[in-house]
Amino acid sequence: MRNRQVTLHVALTVGGLLMLFPFVWMLLTSFKGTHQMLNNPTDWLPSPFVPGNYGAVLGESTILPAYWNSFYIAAINVVLTLLTSAMAAYAFARIKFRGSGALFVLFLATQMVPPQVTITALYIMLAKIGWVDSHLALIVPTIVNPFAVFLLRQFIRAVPVELEEAARLDGANRWTIFWRVILPNIKPGLGAMGIIAFLAAWNSYFFPLIFLNTPELFTVPLLLATYAKQFGAIDYGLILAASSIAVVPTLIAFLIGQRKIINSMAASGLGGR
């Protein structure tokens with residue numbers, strides 16, 4: 001048993017280092033000069049050390065607005081996703097109606113449809129209501145999240161029905177039970193799903209690429225994609241420095257919420273047990 005544990009830890013350590021390699025390479029390379037990157041790309045350590053790449057990125061007038069755009073879009077997306085998903089999950093978990101099982105399966109099946117398939121219809125619909133080249137096009141279509149509904153439904157089903165019955169005897173209606181009984185008891189699931197939703201919104205590239213045209217509205221991933229054109233010849237130092245800055249919020253969110261995510265997956269039955 002001990003040998004198996006040692007082997008497992010060694011394999012996990014090696015796997016973790018392999019996954020960490022691209023991030024470490026990006027961070028170190030962001031401090032290199034263009035000459036070293038092009039002529040000695042395999043050198044790990046910067047020689048000479050070039051911190052000016054970060055100064056050049058932060059000096060760009062577009063980086064801070066893009067940062068703000070990504071942050072507030074992700075924050076709004078998290079709040080609306082949690083609200084709509086929790087209400088839908090409560091309905092599927094507690095309110096019995098004809099065809100609820102089939103409707104839930106159909107709802108989850110929409111996850112199998114890639115967004116590229118429906119993007120044309122979505123673009124036409126948003127263009128007709130004037131939301132193209134607007135942040136509303138990045139927020140509203142993404143707040144319906146089947147995975148979030150499924151995850152929170154699993155948590156709600158774990159809440160004892162007796163708590164709701166006691167609240168109902170005290171005169172609470174459905175809305176009061178949802179806010180005062182259900183939500184406080186599924187905080188781990190809400191926290192984990194909030195982090196997942198934030199990371200997905202922050203890293204989103206496809207939707208901003210399709211719907212945004214005005215540079216002032218660009219998000220961080222879309223801005224990074226335009227850097228090569230913006231600076232003429234590709235300046236890899238600037239691009240990697242900007243990428244390193246862009247990854248900071250996602251890294252912080254992961255470090256804060258990794259345990260919540262793992263625990264919530266296990267509690268919801270997604271842990272493989």
Side-chain angles (χ1 to χ4, degrees), residues 1-32 40-46 74 77-78 81-82 85-86 88-90 92-93 101 104-105 107-115 145-163 182-206 221 240 243-273:
M1 180 62 70
R2 182 174 179 81
N3 290 336
R4 289 184 59 187
Q5 290 181 342
V6 171
T7 302
L8 178 61
H9 280 82
V10 170
L12 292 175
T13 300
V14 173
L17 292 175
L18 289 175
M19 294 181 187
L20 194 62
F21 168 77
F23 174 76
V24 174
W25 181 87
M26 176 186 71
L27 186 62
L28 292 175
T29 306
S30 67
F31 290 102
K32 296 178 182 178
N40 301 293
T42 57
D43 288 351
W44 272 78
L45 298 178
N77 184 278
V78 167
T81 297
L82 292 182
S85 299
Y90 178 62
F92 281 121
F104 183 65
V105 171
F107 184 67
L108 290 181
T110 59
Q111 291 189 104
M112 302 175 64
V113 181
N145 190 324
F147 174 75
V149 174
F150 171 74
L151 181 67
L152 297 180
R153 175 178 175 267
Q154 298 299 100
F155 275 90
I156 293 174
R157 293 181 65 184
V159 176
V161 179
E162 290 77 11
L163 293 177
I182 297 299
L183 291 185
N185 282 281
I186 62 170
K187 284 182 178 179
L190 292 173
M193 192 60 236
I195 293 169
I196 295 172
F198 179 86
L199 294 178
W202 181 271
N203 293 322
S204 177
Y205 172 71
F206 180 67
L240 291 175
S243 300
S244 299
I245 294 173
V247 83
V248 170
T250 60
L251 184 62
I252 293 175
F254 176 76
L255 292 176
I256 293 174
Q258 59 174 331
R259 187 172 298 275
K260 288 185 178 181
I261 295 174
I262 295 173
N263 291 341
S264 69
M265 293 300 180
S268 63
L270 298 179
R273 297 181 61 181

Close side-chain approach of [X] and [Y], heavy atoms under 4.5 Å:
| X | Y | answer |
| --- | --- | --- |
| M193 | N145 | yes |
| F147 | L108 | no |
| V149 | F104 | yes |

Rounded distance (nearest 0.5 Å) linking atom [atom1] of [X] with atom [atom2] of [Y]:
| X | Y | atom1 | atom2 | result |
| --- | --- | --- | --- | --- |
| I196 | L151 | CD1 | CG | 6.5 Å |
| L152 | I182 | CG | CD1 | 11.0 Å |
| R153 | I186 | CZ | CD1 | 13.0 Å |

Kindly say whether [Y] contributes a backbone atom to a donor-acceptor pair with the side chain of [X] at under 3.5 angstrom?
| X | Y | result |
| --- | --- | --- |
| W202 | A246 | yes |
| T250 | V247 | yes |
| T29 | M26 | no |

Closest heavy-atom pair and its distance - [X], [Y]:
| X | Y | value |
| --- | --- | --- |
| I156 | Y90 | CD1-N, 3.5 Å |
| P188 | F155 | CB-CE2, 4.3 Å |
| L27 | S30 | O-OG, 2.5 Å |
| P146 | F107 | CA-CE2, 3.5 Å |
| G194 | L82 | N-CD2, 3.9 Å |
| A201 | A74 | CB-CA, 3.7 Å |

